[in-house]
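Below is one structure; the comments refer to it alone.
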Amino acid sequence: MKFSLRVGLAVLVSVFFPLILVAGPCTPGQKAAASADGGAAKAATQADDPSAKHGFDISNLDTSVPACTNFYQFAVGGWMAKNPIPPAFPSWGSFNLLADHNQDILREILDEAAKDRSAKEGSIVRKIGDYYSSCLNTDAIEADGIKPLLPELKRIEAISDRASLLAEAAHLHELGVGAFFRFGSGQDFKNSSEVIGEAGQGGTGLPDRDYYTATDEKSKQTREAYLKHVTNMFVLLGDDAAKAAEEARTVMDIETKLAEASLTRVERRDPDANYHRMTVAEVKALTPDISWDTYLHDSGFPAGSAINVEQPKFFQALDQMMGAVSLADWKTYLRWHLIHAVASSLSSKFVEEDFDFFDRTLTGAKEMLPRWKTCVRNTDRQLGEALGQKYVQRAFPPEAKARALKMVHNLIEALREDLATLPWMGPATRKQALAKLDAITIKIGYTDKWRDYSAYHVARGPYLENVFRGRIFATKLRIAEVGKPVDRTRWGMTPPTVNAYYNPSMNEIVFPAGILQPPFYDPSADDAINYGGIGAVIGHEMTHGFDDQGAKFDAHGNLQNWWSPEDLKNFQERAECVRQQFDNFVVESDLHENGKLVLGESIADLGGLTIAHAAFEKTEEAKHPDQKIDGFTPEQRFFLAWAQGWAGNIRPEFARLLVKTNPHPLGKFRTNGSVSNMQSFADAYSCKAGDPMVRPPEVRCRIW
């Protein structure tokens, strides 16, 4: 489980909390998004030109709206008007601009590596250059068609019984094909020093189980579009239209049954409800019709190791389906999931069909990304710490790491003072909370122990073979961790990533080099800008250790209650205040934010901004409240920096998708939701009782 600042379409199912929201989905393609490239160039200029103006750009404001009426519109309304969403994106915001700038740096690195034919076989430069080149070689990809996929299709067709069905499942899981269920490894929730197996619900193609079960008209339309998409994919594989339509219905029937047996996203937020450690014998007794001996053997799972079966009822339902669904239907289902998992790595007709549903229909994106962006992103995914070594050499000098670390320590001190004085927390719980804070591990920029990719063979082509070998390499690494000491040097994000996270099992806060850049962190900007920007990010991740999920883990990363009954009741009452506020935010017509789904992130936003403000108050700049820059006091600039991080435009299709699936609220609600609870914001902008951005004291939320 990780809590992150930002999550895109790929929802992290393990206990891991990222921070942010939305750079858009991963879409391959050939067409350039001119406005996107222009935004990246602007970001690069601001980041690289020492004479460029640092801090908040006042042209981003919309002064026609008072700050006390709608602070988000006041702070970034000008930015929104100047930055329409590029056709290739479902949303466009501050994170996209920085990610685009980082992609430009990565492109330079990869272009150089691809041209360097003198690089030694097996070297980092050779691997990243060969991978990138194979991805860019669309002529070869077009010529190959589905040829690289034929061996896998033959394997599926050769399935003859239940054992060979599970053997094929193990093989497909190595290839990154999400059929049946998820399987991997992770720290034992209740013994964080031990790595065990993890088995969780999965096996569906739509973004969430509710897409199969919801009865509203929009959901019905989405299911019809999905059926058409699956049909089209089977046709591209060579089946006639009638057969393809029948196969699509078979897939939908199987996936609907799996979805109906799955927990909701809100239910999956509770670590207690998703922890069921079992021996292999107990797993087999739970699901006797699933050939676990075959699956585990073919997965390379160490004998005698335990498994956390996250959702036992799902596996019991799957067990019943094993006998009820024919082998022929299972083969159809596996053929779909194979093509679904690799469509973006095949020829253009597969890429375009995949884009048409998962991007155009679900997110509202209008066109595909240029191919080079797809290839940069995929290289980062599969060779992230190899490429990352080159990235940090260019974009993150040691002095930047030192400055960021100093700010983290300042924020930790602010949270320590807050915990020491909370009026609603008793002495016993306070002692445990402070012990947990003192035990937090801080990771800044990049790992101290780079991943060894020597076992990952990369060639100039075919591209799909590189993709498969990379997925097999990553899967084997995770399974190999079972039964071994926890590697506390491992990172869950690559260095160029514009994001951050808190991992409760590690009790660590992690800030990749990619986010430690303008506009979030700029050593040339004033303290108000940095504390309202990256300071709030740091505070957000620290507060995740004490939100409604993180607070269930102790200083050592174990799932254990360290709260007194009274203090836990006090905490839950304060969390309920946040939940109710976000339930009332209207996205469109009758669609509201789901307060239970976004509760952890909303607690972290409010707590993080509060802690960042407390740390800022101790800076020299804060001691001179009348020294204005661009007409704004330090206090006002602090809150402007908070809002600018969430500046963005979003397509309505993507907003609907996120509200249903993402544990992070939309940016405008993250901004206004936090500041409307803070008296310091009201004081900074001279807001009065009754203003929309000033909640009455009796409904104001405050936890940390």
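Just so you know, these numbers use all the heavy atoms, side chains as well, and skip hydrogens, waters and symmetry mates.
Between the Asn530 side chain and the Asp522 main chain, a donor and an acceptor come within less than 3.5 Å of each other. Judged purely by atom type and a 3.5 angstrom limit, Ser123 has no side-chain atom pairing as donor or acceptor with the backbone of Ala119. The closest donor-acceptor contact from the side chain of Asp356 to the backbone of Glu352 lies at 3.5 Å or more, if one exists at all. Of the possible polar contacts, one joining the Arg478 side chain to the Ser185 backbone as a donor-acceptor pair under 3.5 Å is found. Side-chain N or O atoms of Ser133 include none that pairs as donor or acceptor with a backbone N or O of Asp130 at under 3.5 Å. Judged by distance alone, the side chain of Thr138 and the main-chain N or O of Ile141 form no donor-acceptor pair under 3.5 Å. Judged by distance alone, with hydrogens and angles left aside, the side-chain atoms of Glu385 form a donor-acceptor pair with the main-chain N or O of Arg451 at under 3.5 Å. Although no hydrogens or angles enter the test, the distance criterion places a donor-acceptor pair under 3.5 Å between the side chain of Glu142 and the main chain of Ser348. Listed for the Asn649 side chain is a donor-acceptor partner under 3.5 Å among the backbone atoms of Asn83. With Asp354 contributing its side chain and Ala343 its backbone, the two residues share no donor-acceptor pair below 3.5 Å.
A donor atom on one side chain and an acceptor atom on the other are found under 3.5 Å apart for Tyr463 and Asn378. Side chains of Tyr531 and Asn410: a donor-acceptor N/O pair is present below 3.5 angstrom, by distance only. In this structure, a donor-acceptor pair under 3.5 Å is present between the side chains of Asn102 and Tyr391. Between His229 and Glu353, the side chains place a donor N or O and an acceptor N or O closer than 3.5 Å (distance only, hydrogens not considered). Using a 3.5 Å distance cut-off with no hydrogens or angles, the side chains of Ser134 and Arg460 do not pair a donor with an acceptor. No hydrogens or angles considered: nothing links the side chains of Glu508 and Tyr502 as a donor-acceptor pair under 3.5 Å. Looking only at atom types and distance, the side chain of Thr661 has no donor-acceptor partner in the side chain of Asp208 under 3.5 Å away.
Here Leu110 contributes atom CG and Cys375 contributes atom SG; the two are 9.5 Å apart, rounded to the nearest 0.5 Å. Leu106 CG to Lys373 NZ: the interatomic distance, rounded to the nearest 0.5 Å, is 12.0 Å. From Trp92, atom CH2 reaches atom CG of Asp100 across 4.0 Å, with rounding to the nearest 0.5 Å. To the nearest 0.5 angstrom, Leu464 atom CG is 11.0 Å from Ile146 atom CD1. In this structure, the separation between OG on Ser344 and CE on Met368 is 11.0 Å, given to the nearest 0.5 Å.
Ring to ring, Phe95 and Trp646 are close: their centroids are under 6.0 angstrom apart.
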Test side chain to side chain donor-acceptor pair (under 3.5 Å) applied to Tyr131 and Gln382, step by step: CA-CA 9 Å; Tyr131 185 97; Gln382 295 206 286; 2.6 Å; yes
Go through the steps for Phe639 and Trp642 under the test ring pair (Phe, Tyr, Trp, His ring centres under 6.0 Å), then give the verdict. CA-CA 5 Å; Phe639 290 106; Trp642 164 248; 8.9 Å; no
Any chance you could lay out the side chain to side chain donor-acceptor pair (under 3.5 Å) test for Asn499 and Thr497, step after step, and finish with the verdict? CA-CA 6 Å; Asn499 208 338; Thr497 304; over 6 Å; no
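Salt bridge annotation for Arg403-Glu399: absent, with no cationic side-chain nitrogen under 4.0 angstrom from a carboxylate oxygen. We find that Arg656 and Glu653 are not joined by a salt bridge, their nearest charged nitrogen and carboxylate oxygen being 4.0 Å or further apart.
Contact between Ala404 and Ile444 at its shortest, heavy atoms only, is CB-CG2, 4.1 Å. Heavy-atom minimum distance, His457 versus Arg469: O-NE, 2.7 Å. The two residues Val392 and Ala513 make their nearest non-hydrogen contact at CG1-CB, 4.2 Å. Across all non-hydrogen atoms, the minimal contact from Ala528 to Arg637 is CB-CB, 3.9 Å. Taking both residues in full, the closest heavy atoms of Gly145 and Ser347 are given as CA-OG, 4.2 Å, listed atom of the first, atom of the second, then distance.
Annotation: Lys476, atom NZ; neighbour count of heavy atoms from other residues, nucleotides and ligands within 6.0 Å does not exceed 12.
Under the 30°/60° scheme for interplanar angles, the aromatic rings of His340 and His337 are found to stand perpendicular.
Residues satisfying the side chain to side chain contact (heavy atoms under 4.5 Å, CB included) criterion with Ala612, sequence neighbours excluded, are Leu411, Ala536, Phe638.
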